[in-house]
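Report on one structure; see the data block that follows.
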Amino acid sequence: MKQVNENILEVKDLETYFFTDEGTSKAVNKVSFSLKKGETLGIVGESGSGKSITSLSLLRLIPSPPGKIVGGNIYFKGEDLLSKTDKQMRSIRGNEISMIFQEPMTSLNPVYSVGEQIAEVIRLHQNLGKKEAWQKAIDMLKLVGIPSPEKRAKQEPHELSGGMRQRVMIAMALACHPEVLIADEPTTALDVTIQAQILELIKNLQKEFGTAVILITHDLGVVYESCDRVAVMYAGKIVEYTTAKELFENPKHPYTIGLLNSLPRLDMDQEELTTIPGTVPSPYNMPKGCSFAPRCAFAKKICEEIVPDLQHIDQSTQVSCWKHTVQWDREFVLHEKVGVE
């Protein structure tokens with residue numbers, strides 16, 4: 001099925017469940033967002049919110065069993081990826097849509113040189129000979145700022161530092177000039193200086209190739225520096241979807257406000273950071289209504305009884321919260337909670 005749309009990628013009501021002995025986990029629950037050419041979309045939230053499972057779903061890399069995409073659509077250039085065969089998806093992965101995985105040491109093959117691994121991707125998707133693919137692999141290592149690329153290309157992953165391995169992953173992901181790049185926590189476990197270099201590298205390469213980027217992170221500082229729009233996820237759902245500017249200047253959802261309040265700030269004199277009370281609910285025992293209600297300072301009866309839809313509250317912002325609907329004024333506060341202000 002083909003859909004005509006200006007977005008290079010559009011996700012509609014995506015549902016990815018895991019079926020285990022403990023029950024059914026709705027890891028991704030009716031998630032919708034879009035991505036334009038050259039745009040950077042940030043997906044943020046606590047660990048366990050469904051960010052990485054969403055990204056793996058886009059490439060249909062969910063392990064089955066126990067996981068399964070049970071509903072929704074993923075339109076890439078107007079065509080639904082969920083209707084593609086496994087062979088068609090293999091031609092798209094690493095070629096038109098690439099991914100930088102969270103931990104390069106577990107994503108790179110430990111017994112092959114990094115140059116061989118990049119060259120393999122190039123040979124597979126661009127039909128180049130071994131010599132040409134090897135030379136392009138060296139060129140990609142040079143492009144991502146690795147010194148002595150001819151020497152590094154012959155080394156195995158364990159011989160490189162964490163920052164260099166991450167650069168290798170970026171080189172591999174961009175080797176075929178993909179139209180969409182998914183970066184899943186690309187700066188995790190790297191020191192601050194290397195983090196800044198990696199983010200600047202992705203930004204520069206994005207400008208050079210016109211690549212659209214989905215940046216998955218828990219670091220709101222990274223979002224502020226890098227993203228055009230942001231989807232805030234909680235317990236498998238998007239609870240706020242807006243521009244990065246609006247998110248930091250005028251956050252709407254209590255969860256977003258709590259995340260921003262927990263950030264350290266130079267203009268605040270405080271001994272300890274503000275925290276959001278409670279924990280993310282178990283995926284096997286989700287609340288009846290809004291999944292954030294047990295932790296929310298503003299919860300009313302309707303919040304604990306009915307799940308709010310993700311609705312437009314202005315031209316640029318969608319929020320899944322009863323506080324921003326007409327029903328809010330008709331309800332009464334159940335009890336006060338401490339935390340989000």
Side-chain angles (χ1 to χ4, degrees), residues 1-19 24-45 49-101 173 178-184 211-216 227-243 283 286 291 307-312 315-320:
M1 179 181 179
K2 190 163 184 173
Q3 174 168 308
V4 178
N5 199 295
E6 64 173 359
N7 297 311
I8 190 170
L9 182 71
E10 187 160 6
V11 178
K12 291 188 173 181
D13 295 328
L14 179 64
E15 296 177 292
T16 302
Y17 294 178
F18 286 82
F19 302 92
T24 300
S25 169
K26 297 181 179 181
V28 179
N29 192 0
K30 292 192 176 297
V31 163
S32 300
F33 60 85
S34 60
L35 185 69
K36 294 179 173 63
K37 185 177 177 65
E39 180 183 41
T40 300
L41 171 70
I43 301 181
V44 302
S49 60
K51 306 185 301 297
S52 294
I53 299 300
T54 298
S55 67
L56 292 172
S57 298
L58 299 182
L59 288 172
R60 284 175 48 187
L61 290 174
I62 299 298
S64 179
K68 185 178 181 182
I69 299 174
V70 299
N73 304 96
I74 303 169
Y75 294 107
F76 174 62
K77 296 194 294 188
E79 296 186 355
D80 192 353
L81 295 183
L82 297 183
S83 67
K84 300 288 185 183
T85 64
D86 289 342
K87 183 178 180 180
Q88 288 172 323
M89 282 304 302
R90 284 194 294 271
S91 71
I92 291 172
R93 294 188 201 109
N95 185 27
E96 296 179 85
I97 304 176
S98 286
M99 185 167 179
I100 303 170
F101 291 93
E179 295 179 74
V180 175
L181 174 66
I182 302 169
D184 187 2
T211 308
V213 175
I214 297 176
L215 180 61
I216 296 168
C227 298
D228 301 302
R229 286 187 297 147
V230 187
V232 181
M233 287 193 71
Y234 184 80
K237 288 177 171 286
I238 291 178
V239 295
E240 185 162 356
Y241 184 44
T242 186
T243 64
M286 296 296 291
S291 55
V307 179
D309 293 327
L310 188 67
Q311 300 182 47
H312 278 280
Q315 190 173 3
S316 63
T317 303
Q318 297 178 59
V319 179
S320 173

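The analysis underlying the following values was restricted to heavy atoms, covering all of them including side chains, and did not include hydrogens, waters or symmetry mates.
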Exercise. Checking E79 side chain against F76 main chain: does a donor-acceptor pair fall under 3.5 Å?
Worked result: no

For this session: Indicate yes or no for a side-chain donor-acceptor contact from R93 to the backbone of R60 under 3.5 Å, with no hydrogens or angles considered.
Result: yes

Problem set entry | pair V232-I238: side-chain heavy atoms closer than 4.5 Å | no

Exercise. Do other residues, nucleotides or ligands put more than 12 heavy atoms under 6.0 Å from the NZ atom of K37?
Worked result: yes

Exercise. Should V319 and Q311 count as side-chain neighbours, where that means a heavy-atom distance under 4.5 Å?
Worked result: no

Problem set entry | Distance, nearest 0.5 Å, that separates CD of E179 from CG of L35 | 11.0 Å

For this session: Hey, could you give me the CD1/CG distance between I214 and L9, rounded to the nearest 0.5 Å?
Result: 5.0 Å

Problem set entry | Any N73 side-chain heavy atom under 4.5 Å of V11 side chain | no

Problem set entry | CE-CD1 distance between M99 and I216, expressed to the nearest 0.5 angstrom | 5.5 Å

For this session: Please report the closest heavy-atom contact between S320 and L310, naming both atoms and the distance.
Result: N-CD1, 3.6 Å

Seminar exercise, completed: So SG of C227 and CD1 of I43: to nearest 0.5 Å the spacing works out to 9.5 Å

For this session: For side-chain contact (heavy atoms from CB on, under 4.5 Å), just list the numbers for I97 and I182, CA-CA rounded to whole Å, side-chain angles, deciding distance to a tenth of an Å, and then say yes or no.
Result: CA-CA 8 Å; I97 304 176; I182 302 169; 4.1 Å; yes

Exercise. Hey, does the side chain of S291 reach the backbone of A235 with a donor-acceptor pair shorter than 3.5 angstrom?
Worked result: no

For this session: Apply side-chain contact (heavy atoms from CB on, under 4.5 Å) to T54 and F33, showing your working.
Result: CA-CA 11 Å; T54 298; F33 60 85; 3.9 Å; yes

Exercise. Is there a side-chain contact between Y17 and V28 (heavy atoms, below 4.5 Å)?
Worked result: no

For this session: Could you please spell out the steps behind the side-chain contact (heavy atoms from CB on, under 4.5 Å) verdict for S34 and R229?
Result: CA-CA 10 Å; S34 60; R229 286 187 297 147; 3.6 Å; yes

Exercise. Do K26 and E15 sit within salt-bridge range, that is, some charged N less than 4.0 Å from a carboxylate O?
Worked result: no

For this session: Name all residues meeting the ring-ring contact (aromatic ring centres under 6.0 Å, His included) criterion together with Y234; count only those two or more places apart in sequence or in a different chain, and write none if there are none.
Result: Y255, F292

For this session: Ignoring hydrogens and angles, state whether a donor on the side chain of S316 or T243 is under 3.5 Å from an acceptor on the partner side chain.
Result: no

For this session: Quick one: closest heavy-atom pair of K237 and V307, and the distance?
Result: CE-CG1, 4.0 Å

Exercise. Could you go step by step and tell me if L14 and I74 meet the side-chain contact (heavy atoms from CB on, under 4.5 Å) rule?
Worked result: CA-CA 7 Å; L14 179 64; I74 303 169; 4.0 Å; yes

Exercise. Which pair of non-hydrogen atoms, one from G45 and one from K51, has the smallest distance, and what is that distance?
Worked result: O-NZ, 3.0 Å

For this session: Answer whether the closest heavy-atom distance between the side chains of M233 and V44 falls below 4.5 Å.
Result: no

Exercise. Quick one: does L81's side chain get under 4.5 Å of L58's, heavy atoms only?
Worked result: no

For this session: Determine yes or no for a side-chain-to-main-chain donor-acceptor pair under 3.5 angstrom, with D80 supplying the side chain and L82 the backbone.
Result: yes

Seminar exercise, completed: Smallest heavy-atom separation, K36 atom then E39 atom, equals N-OE1, 2.9 Å

Problem set entry | Shortest non-hydrogen separation from A173 to L181 and the atoms involved | CB-CD1, 3.7 Å

Exercise. So, do S32 and E10 sit near enough that their side-chain heavy atoms are less than 4.5 Å apart?
Worked result: no

Exercise. Ignoring hydrogens and geometry, is there a side-chain-to-backbone donor-acceptor pair from S98 to P178 under 3.5 Å?
Worked result: no

For this session: Report yes if some heavy atom in the side chain of V230 is under 4.5 Å from a heavy atom in the side chain of L41; otherwise report no.
Result: no

